Structure formats: structure tokens, C-alpha cells
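Computed from a predicted model, the values in this text were never measured in an experiment. Values below: every heavy atom of this structure, side chains too, minus hydrogens, waters and symmetry copies.
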Amino acid sequence: MTTTEAVQPRAQAAVATRLQRRRRPVQVIALLVFLLFVVLAALPQFSGLLRMVLRLDPLTAFSASLAARRLVPGWPLALLLLFSALVAGRAWCGWLCPLGTLLDLLPARKARPWDQLLPDGWRQVKWLLLAAILFMALLGSLTLLILDPLTLLTRAITAALWPAVDWVVTALERLAFSVPLLQPVVIGLDGLVRGTVLRMEPAAHLLNGLAALLLAGVLLLNAVRRRFWCRYLCPLGGLLSIPSRAALVRRHVDEDHCLECHRCSRGCPTGTIDPERGYTSDPAECIVCLDCVPNCRLAGNTFAVVQPWTPAAGMPYDPSRRTVLALAGGAVAGVALMRTGPTARQPQAGLIQPPGAAANGLLAHCIRCGACLQACPTGGLQPSVGQAGLEGLWTPVLVPRLGQCDYAC
């Protein structure tokens, strides 16, 4: 090996190490911006910010386009995220995804040499969920979009976490108001937030416990394996993994600098670095966190440009054609059952949906994110529990007993 050949991997590793140190601040900033956009969705002048972020999600964009039989607004943003996967793989998952950031910030069980890892076959579950979502969308049903990571997190915040924050703030205000000295401060602070990001009265949401439990379940799976959701279940990760197979920038292992010390494989959050395959990784599973670079003592791990858009080899855990066809049949059966049930043929009495819902095909457009619940000033909009049938689960309905419709809004 010449001196130039030896210096190049070290230089690439040094650049990757510097980038890796910046990843956590980027993640935290992206998470805080997302949370801010969700909170500001209650204000009409800022509601477009959250809508823009949700339109980045190619899974919701393509599913809604299939169900509605037309391209939904903002689809070029979704194409932009898919194109980024062709360049840098699943960097979205490792750097910008708010749910992925929450998983990284929580304690997680890391792999140890004596641990019995889950079979790699579990990884295909996320692709099976992706196929089920797309097949059902083709039949006009978006029910399974409740499993999209951005809609899952947005729904948990709007239906459970932010109402809980509202209740806590209200309780603290009432407690502080009992102290005469603090009354002017309470009145001033309450005037800033009440009626804007917080409602005049704390909202009550149906299914708020279920929304919180779904998010808690995803986070608690970290106790089983680090980034369990991203490895095995995330349908958006499954979609991004398809172009990532041909990513321009990928992880490379220099055999001349590899000590076979297992440090990179033990530190990989998605467990895709396989010692039995010469410590190589599957670009479809790599989230470009760069954690393997500083873990390597001799700069054996680098991220470099490969031959332009050459697909990586398939893996044993990739779903077979027979599995995909079976899923297509299951999707047809599922949609048929939902649309032939009694609630589909005869919705519950008193079902009130947002204006224009019936004419515009709400079930084929609603991605179940819950942003409209955050925007409703009276708290009257609620997620459907059964009023619109199983297919309409988590679509918005008006419950007058919890809040009237304010036509002026």
C-alpha cells in the first residue's frame, strides 16, 4: 500500500468523525423545530409549517395520492426526501427524523457478545407493513397510515401530550393565583398563551390514552434492542431503504485497517454491521449515524462515494415475491371486510364530519395525523372511535358535547 492510499482512508475518517460530532445537535434542533411546528399548528397563520413537514414524508404523500387517484399537494417535497436517500442513504432516519431522535435520547439495550440477537428475518416486517399500506391505499384506504412515524408522533402530541401540558399549566396557574403576589404574573402569562397555543379550557380527546400508549410502546421497545422500531417496524424506513440500496455515499470497510475488534458492530444502532460478512453493512439498514467511524481505532470504517448508483446485493431477509403477493391478497381481504361491516354500510347516528368531508372523500385523503385536532379552537373535533367504522379510525369527527363548531374559525 502506498502512502497516498494509506492517508486517504484516514482523511475520510477524520471528516466523518467531525460530522458525527455534529449529528446530535442537528437531531435535537430538528426535534425541537418539529415540536414547535406541532404546537403552532393551533394558529392559522403558522399551520402551514407542520403541513410542510408532513409533506416531506413520501409514505403519506404516495399513499394519499394512490388513495385519492391524484397527486396530492406538496408531492415534490416527498420526492426530494426520496432523492436524498439516493445520495446519502437513510440519513433522514439518523439525522432528522423526530421519532428517531427520541429513540436515540432514551436509554437503550445495546448488543453484547453474549446476547442472542433477534433473527434478521424480523427486518422484513417493516417492508411487509409498507406493502400493506400501499396495497390498501391503492384500494382507497389509508387506515394503516396510523403506523407512519410522523403521523404517529404528531397524533400522540396533539391528542395526548399537549392536552396534558395544557392541563398541567392550568392547574399550576390556579395554584399560583391563590397567592395574591403572583396574581399579576399569572394574568400576564395566561394572556400570552391562552386562546393561542393553549385553549380557553383544556381539551379532552377521545383515544388520547391509546395515542399515548402507541408512542410509549415504540419508545419502550428500545429496552429490547436499540432502535427496535427503526430496525424492524418502521414503514417509512422500509420505503427509504429501497433507494438507499443504490445510495451514492455508503459505508466502506478497509480490510487492511480492520482489527476485527467488534467495536463498530457493537456500537451500530441498527445492528447492520455483520462480523460474519467481514464487518460490512447493508446500506438499506444503515442510518448514516457515523457512530462506527470514531469507534474504529485504525480508521477502517469510512463513508465514501461508490460507483454511481450501483445497487447493493440483496440480503437473505429481503421479502420474497410470494410474500408480497400474499400481502396484496391480505390487503384486499382487509379492505373488503372493513367496507362490508355494519358501520361501513350504516354509520352511527349522529356522525358529523368536517365540512366537505363526504364530497371530498375524507377516508381517501386523511392521513390520521391529528393536526386538525390541534387546530380546532373549541376541542370539538375528535378522532373517530367507531362512528365512521373501522376504516375511518382516527379520522376527525365533531362531538358537540365536547365542543361546538365555531363557524368563524
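- Val324 has its side chain within reach of Phe135: a pair of non-hydrogen atoms, C-beta onward, lies under 4.5 Å apart.
- Ser141 places no side-chain N or O within 3.5 Å of a backbone atom of Ala137 that could act as its donor or acceptor partner.
- Two residues are said to be in side-chain contact when any heavy atoms from C-beta on lie closer than 4.5 Å; Leu77 and Arg55 meet this criterion.
- Here the CG-CG distance, from Leu150 to Leu59, works out to 9.5 Å after rounding to the nearest 0.5 Å.
- Considering Leu138, Val72, Ile133, Leu139 in turn, Leu138 is the only one that fulfils the side chain to side chain contact (heavy atoms under 4.5 Å, CB included) rule with Leu66.
- With salt bridges taken as basic N to acidic carboxylate O contacts below 4.0 Å, one links Asp104 and Arg23.
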Open item on the list: Between Leu240 and Ile242, is the side-chain contact (heavy atoms from CB on, under 4.5 Å) condition met? List the steps.
Closed with: CA-CA 5 Å; Leu240 292 177; Ile242 297 173; over 6 Å; no

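- Judged purely by distance below 3.5 Å, without hydrogens or angles, the side chains of Thr270 and Thr272 never pair a donor atom with an acceptor atom.
- A heavy-atom distance below 4.5 Å is not found between the side chains of Gln382 and Arg401.
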Item to complete: With salt bridge (charged side-chain N to carboxylate O under 4.0 Å, His left out) as the test, would you mind laying out the steps for Asp282 and Arg245 before giving the verdict?
Response: CA-CA 8 Å; Asp282 181 3; Arg245 278 274 166 86; 3.2 Å; yes

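- With Trp75 contributing its side chain and Pro58 its backbone, the two residues share no donor-acceptor pair below 3.5 Å.
- Side-chain contact check for Pro319 versus Leu128: some heavy-atom pair is nearer than 4.5 Å.
- In this structure, Asn222 contributes its side chain and Leu103 its backbone to a donor-acceptor pair below 3.5 Å.
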Could you pull out all donor-acceptor pairs under 3.5 Å where a side-chain atom in residues 78-93 meets a protein atom, sequence neighbours excluded?
from: Ser84; atom 1: OG; to: Leu81; atom 2: O; distance (Å): 2.5
from: Arg90; atom 1: NH1; to: Ala284; atom 2: O; distance (Å): 3.1

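- Remark: Ile146 CD1 to Leu152 CG distance equals 8.0 Å, nearest 0.5 Å.
- The list of ring-ring contact (aromatic ring centres under 6.0 Å, His included) pairs with a residue in residues 191-223, not counting sequence neighbours, is empty.
- Side chain of Arg123 to backbone of Tyr317: no donor-acceptor contact under 3.5 angstrom is found.
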Take Thr280 and Ile273 through the side-chain contact (heavy atoms from CB on, under 4.5 Å) test and state the conclusion after the steps. CA-CA 6 Å; Thr280 59; Ile273 299 177; over 6 Å; no

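- When all heavy atoms are compared, the tightest approach of Leu134 to Ser63 is CD2-OG, 3.7 Å.
- Atom CZ of Arg174 sits about 10.5 Å away from atom CG of Asp190, to the nearest 0.5 Å.
- Side-chain contact check for Cys372 versus Pro354: every heavy-atom pair is 4.5 Å or farther apart.
- Judged purely by distance below 3.5 Å, without hydrogens or angles, the side chains of Ser320 and Thr323 pair a donor atom with an acceptor atom.
- Side chains of Ser241 and Trp127: a donor-acceptor N/O pair is present below 3.5 angstrom, by distance only.
- A cation-pi arrangement, defined by a distance under 6.0 Å to the six-membered ring centre and an angle within 45 degrees of its axis, is absent between Arg251 and Phe303.
- Taking CG of Leu43 as the start and CG of Leu49 as the end, the distance is 10.0 Å to the nearest 0.5 Å.
- Atom CZ of Arg277 has more than 12 neighbouring heavy atoms from other residues, nucleotides or ligands inside a 6.0 Å radius.
- Put simply, the side chain of Thr302 never gets that close to the backbone of Ala304: no donor and acceptor are under 3.5 Å apart.
- Under the 3.5 Å distance criterion, with hydrogens and angles disregarded, no donor-acceptor pair is assigned to the side chains of Ser281 and Arg250.
- Here CZ of Arg263 is found 12.0 Å from SG of Cys292. Values are rounded to the nearest 0.5 Å.
- A salt bridge does not link Asp148 to Arg155: none of the charged side-chain nitrogens sits closer than 4.0 Å to a carboxylate oxygen.
- The pair Glu285-Arg231 fails the salt-bridge criterion, with no side-chain N (NZ, NE, NH1 or NH2) lying under 4.0 Å from an Asp/Glu carboxylate O.
- The pair Asp291-Arg21 does not meet the salt-bridge criterion, since no charged nitrogen lies less than 4.0 angstrom from a carboxylate oxygen.
- Under the 4.5 Å side-chain criterion, counting only non-hydrogen atoms from C-beta, Arg24 is not in contact with Thr101.
- Between Trp394 and Leu210, the closest side-chain pair of non-hydrogen atoms falls below 4.5 Å.
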Check the pair Thr60, Thr151 against side-chain contact (heavy atoms from CB on, under 4.5 Å), reporting the backbone distance first and the verdict last.
CA-CA 9 Å; Thr60 60; Thr151 63; 3.9 Å; yes

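- A distance-only check finds a donor-acceptor pair linking the side chain of Arg227 to the backbone of Gly100 [under 3.5 Å].
- In the displayed structure, Gln45 atom CD is contacted under 6.0 Å by more than 12 heavy atoms of other residues, nucleotides or ligands.
- Listed for the Arg69 side chain is no donor-acceptor partner under 3.5 Å among the backbone atoms of Ser65.
- Remark: the Gln124 side chain and the Asp318 side chain contain no N/O donor-acceptor pair separated by less than 3.5 Å.
- Between Leu36 and Phe46, every side-chain heavy-atom pair lies at or beyond the 4.5 Å cut-off.
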